[in-house]
Protein chains: 2
Amino acid sequence: MTKATTDKRQGRPRGQSGHDRRAQIIEVATALFREKGYHVTSLDDIADRIGFTKPAIYYYFKSKEDVLFAIVSGIADEALARFRAIAQGPGTAGERIHALLVENTRTILRNPDANAVFYNERGLLSPEREQQMRRREREYTRIMRDLYAEGVASGELLDIDPAVATSTLLGASIWSYRWFNPKGRLSADEAAEQITRLLLHGYRLDR
Amino acid sequence: MTKATTDKRQGRPRGQSGHDRRAQIIEVATALFREKGYHVTSLDDIADRIGFTKPAIYYYFKSKEDVLFAIVSGIADEALARFRAIAQGPGTAGERIHALLVENTRTILRNPDANAVFYNERGLLSPEREQQMRRREREYTRIMRDLYAEGVASGELLDIDPAVATSTLLGASIWSYRWFNPKGRLSADEAAEQITRLLLHGYRLDR
DNA sequence: CCTACCGATCGGTAGG
DNA sequence: CCTACCGATCGGTAGG
C-alpha cells in the first residue's frame, strides 16, 4: 500500500545508523499501536510503513513483544524519574504534588501516543514484564500517596483517603492523553495549566 | 483446562432460558475481555468457561464482534440515559454536574469490568460501530460541557475551558475502574463520595 | 448445541 | 536486510 521509494538492497542497514533505525521502528510502532492496537498491528504493517520487510525488524528486536516493551518501559522510566526528582525537591507536600501533576500532565500531552500505548497495551506484555511495569507504577504511586498523607497530616490538603486522592488526581492527569488534540487551539502546556488548576481548586467557586 | 461438568447433549439449549444463556455469555465474555483483552480471548475460552463448545456461541451471536458490541453498547446506553436524566433535572448547573459525577462514578465502581471493556476495547469494533459509540459519547460530553459553560457564565464554576473541565472531571471519575478494588476496604459508594468531593473542592485547603 | 473442518492471518525462522 | 516458508491459532461454517 504505502510502497517505499527506498531501494531494498541486501545486507546490513545503510544510510541511517542502527540507532536511528531502531528509533524509527519504535516511532512507527508507537503510532500504529496507538491507532489500531497491538494485536491488530502486524509486523508487516510496521515494516511496510518504513519501507522494510518484516525480517528486518528482527535485526533490531528479538520479538514483537520486545518492540512493545521498548515503548512501554521507556514511558515508565521517564515517569518514575520525574516523580523521584520532584518528590525529593523543595516545597510543602501540596506544592510538590502540584509540581508533580503539572509535570506529569505536560509530559503526557507532549507525547500522547506513547502514553496511550503504555496505558492501553501494557497488559499484553508477558506476565514477568507486566509485573515489572506494575512495580514501577506502584512505586511512583507510593511516592505521591506518601506526599499526600503528609499534606493531610499537616492540614494542608483535603482530608480524604490518600490512595483515593492519588489515583484520582493522577487519573485526571493521565486521562488527558485520550481527549487532547495536539492540533487543537490549546497547546499542551496551556491544557496542562487548566487541568492542574481545576484539580487544585475544584470546579466549584464557593468562596 | 476448566473442564465442564455439564453434560453436552445435542440440540437447543435446555435448563436455562435463551435469555439467561445470552446474558451468561456476555457476563463471561466481559470478565475475560477485561482480564486478557478482546483479541487474546478466544471464543473457545468463553465457551470453555461456560461448559459449551464454540459453535454454541453462534446460536446466540452472529460473530465475536457482536459479543463485544453487546457489552459496549449496553454501557454506552446506560451512561447516556443517566446524563440526560440528570441534566434535565433540578438544581443549578454546578449541582447537576455534581450529581452527574456522583452517579457516573458510582455506576462505574459497581460494574468496573464492563466499563473497562467499554473504555479499553471499543476501539476494536468495526468503523461504523465505533463511530456509533463515539457519537453517543460526544453527546453526553456535550451535555456536560453545556452545563459547565452555563455554570461559568453564572459565576458558579471555575473559569476554565468547559471542554477541558468536562474531560478532566469525567476522566477522574472514569479512571476509577482501573484502580478500584471491589474487595478493598472502601465500598463503591464511599469511594465515589471521596472522589467527587475531591473534584468539587480541589485537594488544597486554602481557606 | 456438538463434531469435525476449512482458510486466512501472522509471528517467527532459514539461509543468504 | 531480503525471499521464501513453516506452524499454530482462531473465527467461522457445514451438517446434524
Side-chain angles (χ1 to χ4, degrees), chain A residues 1 3-26 28-29 32-33 36-71 121 124-126 129, chain B residues 1 3-26 28-29 32-33 36-71 121 124-126 129:
Chain A
M1 201 128 280
K3 207 53 182 144
T5 53
T6 327
D7 56 337
K8 300 183 180 179
R9 304 190 208 124
Q10 299 229 115
R12 295 300 197 70
R14 5 87 274 200
Q16 308 204 35
S17 74
H19 180 74
D20 284 348
R21 277 297 190 201
R22 203 187 134 90
Q24 191 183 14
I25 292 170
I26 289 180
V28 168
L32 287 171
F33 289 169
K36 315 202 293 179
Y38 176 75
H39 278 112
V40 180
T41 302
S42 70
L43 290 174
D44 282 320
D45 290 337
I46 297 171
D48 277 2
R49 190 173 282 195
I50 300 180
F52 272 159
T53 58
K54 180 174 57 177
I57 295 174
Y58 285 91
Y59 182 81
Y60 298 99
F61 294 93
K62 290 210 313 292
S63 69
K64 186 184 180 185
E65 198 204 303
D66 280 30
V67 179
L68 176 59
F69 185 65
I71 299 167
E121 319 289 347
L124 301 175
L125 290 170
S126 69
R129 285 173 159 177
Chain B
M1 200 125 279
K3 209 49 183 151
T5 54
T6 328
D7 57 337
K8 299 183 181 179
R9 305 190 207 122
Q10 298 229 117
R12 295 296 198 72
R14 5 86 272 201
Q16 309 204 34
S17 75
H19 178 74
D20 284 349
R21 276 297 191 204
R22 203 187 134 90
Q24 191 183 15
I25 292 170
I26 289 180
V28 168
L32 287 171
F33 289 169
K36 314 201 293 180
Y38 176 75
H39 279 112
V40 180
T41 302
S42 70
L43 291 175
D44 283 320
D45 291 337
I46 297 171
D48 276 2
R49 189 172 284 196
I50 300 181
F52 271 159
T53 57
K54 181 174 56 176
I57 295 173
Y58 285 91
Y59 183 79
Y60 298 99
F61 293 92
K62 290 209 315 290
S63 68
K64 185 183 181 185
E65 198 204 304
D66 279 30
V67 179
L68 176 60
F69 185 66
I71 300 167
E121 319 290 347
L124 301 175
L125 290 170
S126 69
R129 285 173 158 177

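A quick note: this is a predicted structure, and the numbers were derived from the prediction, not measured. Chain naming here is simple, since letters A, B, ... match the order of the sequence lines and numbering starts at 1 in each.
A salt bridge does not link B:Asp48 with B:Lys54: every distance from a Lys NZ or Arg NE/NH1/NH2 to an Asp or Glu carboxylate oxygen is 4.0 Å or more.
Annotation: the span from A:Phe33 atom CZ to A:Lys64 atom NZ amounts to 5.5 Å, rounded to 0.5 Å. Put simply, CG on B:Asp45 and CG on B:Leu32 are 6.0 Å apart, with the number rounded to the nearest 0.5 Å.
At C:dC2, one or more side-chain N or O atoms of B:Thr53 fall inside 4.0 Å of OP1 or OP2 (strictly under the cut-off).
Under the rule for a side chain to side chain contact (heavy atoms under 4.5 Å, CB included), the partners of A:Ala56 that lie at least two apart in sequence or sit in another chain are A:Phe52. Considering only residues two or more places apart in sequence or on other chains, A:Asp66 meets the side chain to side chain contact (heavy atoms under 4.5 Å, CB included) condition with A:Phe61, A:Lys62, A:Ser63, A:Arg129.
You'll find that the side chain of B:Pro55 is closest to D:dA14, out of D:dC1, C:dA14, D:dA14.
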Could you go over nucleotides 9-11 of chain C and give all protein N or O partners under 3.5 Å, atom names and distances?
{"from": "C:dG11", "atom 1": "OP1", "to": "A:Lys64", "atom 2": "NZ", "distance (Å)": "2.8"}
{"from": "C:dG11", "atom 1": "OP2", "to": "A:Leu43", "atom 2": "N", "distance (Å)": "2.9"}
{"from": "C:dG11", "atom 1": "N7", "to": "A:Lys54", "atom 2": "NZ", "distance (Å)": "2.8"}

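The closest donor-acceptor contact from the side chain of B:Tyr60 to the backbone of B:Ala23 lies at 3.5 Å or more, if one exists at all.
Remark: C1' of C:dC1 and CZ of B:Phe61 are 15 Å apart, rounded to the nearest angstrom. Between B:Ile50 atom CD1 and C:dC2 atom C1' there is a gap of 15 Å when expressed in whole angstrom units. Atom C1' of nucleotide D:dC1 and atom OH of A:Tyr60 are separated by 8 Å, given to the nearest angstrom.
Two residues are said to be in side-chain contact when any heavy atoms from C-beta on lie closer than 4.5 Å; A:Tyr38 and A:Glu65 meet this criterion. The side-chain heavy atoms of B:Arg21 and B:Tyr59, taken from C-beta on, include no pair separated by under 4.5 Å.
With axes fitted over five pairs at each extremity, the angle between the ends of the helix from C:dC1-D:dG16 to C:dG16-D:dC1 is 0° (10° resolution).
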